[in-house]
Amino acid sequence: MKAIIENTENGTRTIHIHFRYDPSLVEKIKSLPGRKFIPDKKYWTAPALPSVVEKLEEWGFVIEDYTFPHDKVILPKDLSLYPFQKKGIEFIESRNGRALLADEQGLGKTVQALVWLKIHPELRPAIVICPNSVKLNWEREARRWLDENEKIHVIFGKDADYLPDATIYIINYDILLSWLSHLKITDPKCLIVDETSMIKNRSAQRTRALIELAKGVPHIIGLSGTPIINRPIEGFTILHMIAPKIFPRFWDYAQRYCGAKWTRYGWDFSGASRTKELHELLTSTIMIRRKKSEVLNELPDKIRTVVPLRFESLEYRKMEAEFRAWLREHKEAKIVNVLSEIELLRQFVVGKKLPQVIEWIKDFLESTEGNGNGKLVVFYHHKVVGDKLEDHFKSISVRIDGDTPVQKRQEYVDRFQSDPKIRIFLGNIQAAGLGITLTAASSVVFVELPWAPALLDQAEDRCHRIGQKSVVNVYYLVAARTIEENIANLLDKKRQVVKMVLDGQEVTSDEKIRDLLIQELAKE
């Protein structure tokens, strides 16, 4: 009796099990996860799991070539990648572009997937399917990491009429069905499926559309920061999509891994069973997962990301054009009057972008549900913004602003720190940006930007304090092609010199930032 471990076409490892017919041995083989009989060749196959090998050896099989591949890939030297990200790209390569990147939120799954695409320019067109709130961020990252000659097209709206020629298409789940026929005609060579929890419902329209799109696509990369072994039923769609030979049938998967039980309403697959076995199966075949705690020594203390939000408003364009013209004509205008006009523009923008902000927060909560980094600190400036956010997330949030009684501040902080049901801290950037500790979260998002750059650092440090055991991810939600983008660019350029006097570095005041902004806005 022998078992031979071989590579499959999709880069996974499979054991070919050969033996003379023995009914008792057949029953044992049937107990192996993912086993399958190949009738024309008269042998069984199973995934090359350590536990499977152990069982086969226990039953008297001789194992041949039990090695695990770790293909090296030549990466461009000019790319600034962390070591664990390079390993992730190597993993995708070793799986021939059929893999599940399950790194914890904030570790750069987007970058790893894009760099793998970069080293495979022959795999065009490629399609990115992602939540609506991060479409422009995918575009931004694609333009950063891919070659300049890439034609990147972001798809908006459900009115599917014309799809221009492109090498990279980016589309959100909610409109995928409308564009399905157009996308299939492009004959995609690779799909990147971001936030795979979005297709956990097998009967949902978006899931069915993605399944149809994936048919015949040779390379599929799934991205998810939420371990699917917590709710195995939610993972079947993406697992089957990536590795149909390992996860061929829903019924078999549900019976083995989903705590199957019969109730008076039918089968209940909401539980979990054999989770260790499923974990072994995934990590030895298609999944790689790293936690922040495991790669902490490779990461900076903070990772900052500007998240562009789509902003289309003719009214705003008119307001901004009129303001720029006025500014050029009134170069000696009092600064207080100029700032008053700028503030009107800022308030208009934040009011219009708020639905996208709420959508981004909801996507964040869904993508981090069930792991230890699922809390979020949200900073804003205007009271009306805080009111609307609180209305939307009232049951899962606490809030501190200028009206919060002093005796209540610590109570709200303690609730956020200790209550798992409270996932959002809403804070006015001035009232809550100092003097409190929010280390229960390792993610901070700024809905609005302050004038003083130092306020950003101080607010970020509510999470980045003694007691924080993770890297702090900081997100700036910025309306594209608006005054917010002007301010964000200036703050970014000046961040290195916007330091406290105690650091021995030059201090750039908020007044200086305002002056630079006004000069920029006054340009033709």
Side-chain angles (χ1 to χ4, degrees), residues 1-71 91 94-96 98-100 102 202 227-262 266-289:
M1 300 187 302
K2 65 179 180 179
I4 304 170
I5 299 179
E6 298 181 1
N7 288 313
T8 63
E9 291 181 358
N10 64 11
T12 60
R13 302 279 279 175
T14 299
I15 304 177
H16 293 195
I17 308 167
H18 301 264
F19 61 96
R20 289 183 179 179
Y21 179 72
D22 179 341
S24 63
L25 194 51
V26 169
E27 289 304 311
K28 289 180 179 179
I29 298 299
K30 286 182 177 180
S31 69
L32 298 175
R35 83 286 181 275
K36 184 179 181 182
F37 183 62
I38 312 299
D40 57 328
K41 297 185 178 180
K42 307 297 183 185
Y43 63 71
W44 291 79
T45 64
L49 296 173
S51 60
V52 170
V53 173
E54 184 180 332
K55 283 292 184 183
L56 290 173
E57 288 179 330
E58 180 185 318
W59 298 333
F61 283 86
V62 176
I63 310 298
E64 297 181 8
D65 189 30
Y66 185 53
T67 57
F68 193 84
H70 193 68
D71 296 1
F91 182 86
S94 74
R95 298 311 186 263
N96 193 29
R98 298 187 78 94
L100 176 62
R202 295 172 60 242
I228 60 172
I229 58 173
N230 288 339
R231 296 185 184 89
I233 193 67
E234 297 175 356
F236 178 78
T237 300
I238 190 63
L239 297 181
H240 175 73
M241 198 177 292
I242 294 172
K245 291 184 179 179
I246 299 173
F247 303 98
R249 291 174 295 274
F250 172 77
W251 177 257
D252 294 344
Y253 178 88
Q255 286 287 327
R256 190 166 189 87
Y257 300 120
C258 302
K261 59 183 179 182
W262 178 256
W267 281 103
D268 179 2
F269 297 127
S270 61
S273 51
R274 297 184 177 90
T275 53
K276 182 179 179 182
E277 177 184 294
L278 178 57
H279 177 75
E280 280 188 355
L281 179 58
L282 290 172
T283 54
S284 65
T285 55
I286 63 170
M287 185 181 84
I288 184 170
R289 174 170 172 78

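The structure presented is a predicted model; accordingly, all values stated were derived computationally and were not measured.
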Who passes side-chain contact (heavy atoms from CB on, under 4.5 Å) against Val62, sequence neighbours left out? none
Of all the heavy-atom pairs spanning Met1 and Leu25, show the shortest one and how long it is. SD-CD2, 3.3 Å
Shortest non-hydrogen contact from Ile4 to Glu64? CG1-OE1, 3.7 Å
For Leu56, give me all partners under side-chain contact (heavy atoms from CB on, under 4.5 Å), at least two apart in sequence or on another chain. Ala3, Ile15, Ile17, Ile29, Leu32, Val52, Trp59, Phe61, Ile63
Distance, nearest 0.5 Å, that separates NZ of Lys42 from CZ of Arg20: 15.5 Å
Taken to the nearest 0.5 Å, the spacing of Met287 CE from Ile238 CD1 works out to 13.0 Å
Mind checking ring-ring contact (aromatic ring centres under 6.0 Å, His included) for Tyr43 and listing every partner two or more places apart, or none if nothing turns up? His16, His18
If you take all heavy atoms of Ile286 and Phe91, which pair is closest and at what distance? O-CE2, 3.3 Å
Can you tell if the side chain of Thr14 reaches within under 4.5 Å of the side chain of Lys245, non-hydrogen atoms only? no
CZ on Phe37 to OG1 on Thr45, rounded to 0.5 Å: 10.5 Å
How many angstroms lie between OG1 in Thr285 and CD in Glu280, if you round to the nearest 0.5 Å? 11.0 Å
Atom CD1 in Ile242, atom OG1 in Thr237: separation rounded to 0.5 Å? 11.0 Å
Taking the side chain as C-beta and beyond, is there a heavy-atom pair between Lys261 and Ser273 under 4.5 Å? no
Side chains of residues 246-257: which donor-acceptor partners sit under 3.5 Å, not counting sequence neighbours?
residue: Arg249; atom: NE; partner: Asp252; partner atom: OD2; Å: 2.6
residue: Arg249; atom: NH2; partner: Asp252; partner atom: OD2; Å: 2.8
residue: Tyr253; atom: OH; partner: Pro232; partner atom: O; Å: 2.7
residue: Arg256; atom: NE; partner: Glu277; partner atom: OE2; Å: 2.6
residue: Arg256; atom: NH2; partner: Ser31; partner atom: O; Å: 2.8
residue: Arg256; atom: NH2; partner: Glu277; partner atom: OE1; Å: 3.2
residue: Arg256; atom: NH2; partner: Glu277; partner atom: OE2; Å: 3.3
residue: Tyr257; atom: OH; partner: Glu277; partner atom: OE2; Å: 2.8

